[in-house]
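All values below come from the heavy atoms of this structure, side chains included, with hydrogens, waters and symmetry mates left out. Along the sequence shown, residues carry numbers from 1. Atoms within each ligand, like the ligands themselves, are counted from 1 in listed order.
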Amino acid sequence: MGRQELVEALRQRLEGHSDIELLHAPDERARLSRDYFDYSPVLSEQLRDCQADLVVRPLGVEAVERVVSAAAELGLPLTVRGAGSGNYGQCVPLQGGVVMLTSALRAIRRLDPATGVVTVEPGCPMRDLDQELRRHGRELRLLPSTWRSATIGGFIAGGSGGIGSIRWGFLRDPGHLLGLEVLAMAQSPQRIWLDQRDAEPLNHAYGTNGIITALQLATAPAVRWHQLSIDCQHWDQAVALLQRCSQSAITLHLATLVEDQLLSLLPTWSGPCSHRHRLLLLVAPDGVGSLQRLAEDAGAICHDLGPEDLTAGHSLRELSWNHTTLHARAKDASWTYLQMLLPQPELPAMQALRERWSGCLLWHLEVVRQQGAPRIAALPLVRWHGNEQLNALMQDCRELGAVVFNPHVLTVEDGGLGVIDADQVAAKRRFDPNGLLNPGKLRGWIERT
Ligand SMILES: Cc1cc2nc3c(=O)[nH]c(=O)nc-3n(C[C@H](O)[C@H](O)[C@H](O)COP(=O)(O)OP(=O)(O)OC[C@H]3O[C@@H](n4cnc5c(N)ncnc54)[C@H](O)[C@@H]3O)c2cc1C
């Protein structure tokens with residue numbers, strides 16, 4: 001059978017099941033085959049024409065099993081989609097086939113009151129999950145700046161870290177993901193519970209090596225985070241203050257620094273426009289006075305923005321991580337971006353890059369915990385002047401000692417450290433032996449021969 005006949009056969013098999021919604025209108029298929037890959041002019045070019053043949057929305061886990069069974073039998077590619085907020089085309093179906101939405105799988109199955117460990121279905125919006133945790137005195141440890149729309153399954157399978165990374169590091173650090181329920185891409189799929197060791201290869205694998213139907217996570221005691229922004233006249237002073245804050249005994253949830261020109265591209269809810277470099281901080285209430293003191297010692301100006309209101313449309317969270325890029329691009333779409341861990345000491349490397357790439361780079365820094373120690377990650381805006389220039393810039397960053405996480409590539413490995421993870425490939429062999437899950441995104445599978 002040709003592709004269209006196979007898709008038609010799948011549609012007929014799934015039609016009539018009241019717990020499966022089918023979406024085949026061309027505009028819906030187009031919309032649900034995209035994410036935020038247009039941050040990257042490189043990916044925009046590559047992914048422009050990728051489209052699902054059919055979009056399905058199962059209303060429960062049994063319905064997921066039926067979809068998986070039918071697609072596996074017909075040999076159709078299947079790509080799972082949460083909220084579709086990834087920015088490297090993670091849920092774009094490179095080879096068409098079926099896109100399966102998880103938006104109806106949103107139950108919080110269990111919250112252990114003694115440990116705070118939560119077991120939840122993958123389509124649960126992170127905002128809802130965090131709200132429910134807060135009702136029990138807990139909160140999510142790590143959140144992307146898209147936390148109001150992103151799903152928890154999409155974050156585990158496609159994200160890496162974000163708000164909270166200053167204390168909790170990254171999603172793949174042991175201790176965050178404690179277990180997974182997974183379905184194999186098979187004609188008779190069975191739900192299998194994986195402990196934290198076996199779950200690890202599915203963490204940040206873009207849904208290429210198993211369909212997650214529930215996940216178990218550690219959480220943190222809830223804090224009513226307080227928002228401060230601090231303006232510094234000189235860049236060196238701002239970076240030094242960022243470091244001083246993150247090396248103190250103050251409990252922080254977020255420490256972002258944006259340079260003055262980038263600040264002028266952002267919405268103004270972090271304080272009045274100052275034409276200075278600005279730190280954006282989420283701090284525990286008992287640390288507010290200490291941060292104010294550090295700002296004063298550094299000759300900087302502190303704005304007290306009050307406690308976070310998580311029910312409002314925006315907070316400092318929505319000026320951090322990739323939201324900074326989002327806002328800047330909304331003003332001027334000729335900006336794209338990079339992601340890297342800066343070498344230490346950071347200032348000379350940033351200065352060298354600033355000199356070489358004057359007018360093409362705007363700095364945006366985030367403090368993260370890397371192997372137990374505070375480090376500075378950078379998500380600079382980059383003026384797009386073509387592929388060659390982008391590659392030359394990344395080469396310069398690497399030569400200066402930065403670890404670049406290239407956001408202009410499609411595979412799990414190339415967006416990370418570039419290394420094939422044999423455990424991820426082994427998990428794919430176990431849960432997707434015919435290579436139907438999100439094909440084209442796991443280089444280790446493509447190159448396995
Ligand atoms: C403005 C902006 C800011 C962002 N900030 C951050 C940030 O701070 N940190 C960060 O890590 N990311 C960030 N991202 C990327 C993205 O928003 C997050 O990673 C988000 O958590 C993805 O969730 P989602 O529900 O949208 O997942 P999707 O984009 O729908 O999916 C992501 C990946 O997970 C897979 N997947 C989804 N559900 C399942 C499942 N049940 N089983 C198996 N695979 C599955 C998909 O196939 C896909 O490969 C940002 C993106 C934008 C546009």
J.: Would you verify whether the NZ or CZ of Arg127 falls within 45 degrees of the ring axis of Trp147 while also being under 6.0 Å from that six-membered ring's centre?
T.: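 So Arg127 doesn't make the cation-pi contact.
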J.: Within the supplied structure, the quantity of interest is the number of heavy atoms (other residues, nucleotides, ligands) at a distance under 6.0 Å from Arg197 CZ; does it exceed 12?
T.: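 No - once you tally the heavy atoms of other residues, nucleotides and ligands closer than 6.0 Å, there are 12 at most.
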J.: Check whether any side-chain N or O of Arg329 sits under 3.5 Å from a backbone N or O of Ala333 as a donor-acceptor pair, and report yes or no.
T.: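 Answer holds: yes.
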J.: Determine which pairs satisfy side chain to side chain donor-acceptor pair (under 3.5 Å) with at least one residue from residues 260-270, sequence neighbours left out, and list them in order.
T.: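 For residues 260-270, and leaving out neighbouring residues, the side chain to side chain donor-acceptor pair (under 3.5 Å) pairs sorted by first residue read Ser270-Arg278.
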J.: Who are the residue neighbours of ligand 1 when the rule is a heavy atom under 4.0 Å from any of its atoms?
T.: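 Residues near ligand 1: Tyr36, Tyr39, Val80, Arg81, Gly82, Ala83, Gly84, Ser85, Gly86, Asn87, Gln90, Cys91, Thr102, Pro122, Pro144, Ser145, Thr146, Ala150, Thr151, Gly153, Gly154, Phe155, Ala157, Gly158, Gly159, Ser160, Gly161, Gly162, Tyr206, Gly207, Gly210, Ile211, Ile212, Trp321, Asn322, His323, Leu326, Asn438.
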J.: Using the ring centroid of each side chain, check whether Tyr88 and Phe37 are separated by less than 6.0 Å.
T.: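 Centroid separation for Tyr88 and Phe37: 6.0 Å or greater.
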J.: Would the distance check show the side chain of His314 and the main-chain N or O of Leu319 forming a donor-acceptor pair, the cut-off being under 3.5 Å?
T.: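 Judged by distance alone, no pair lies under 3.5 Å.
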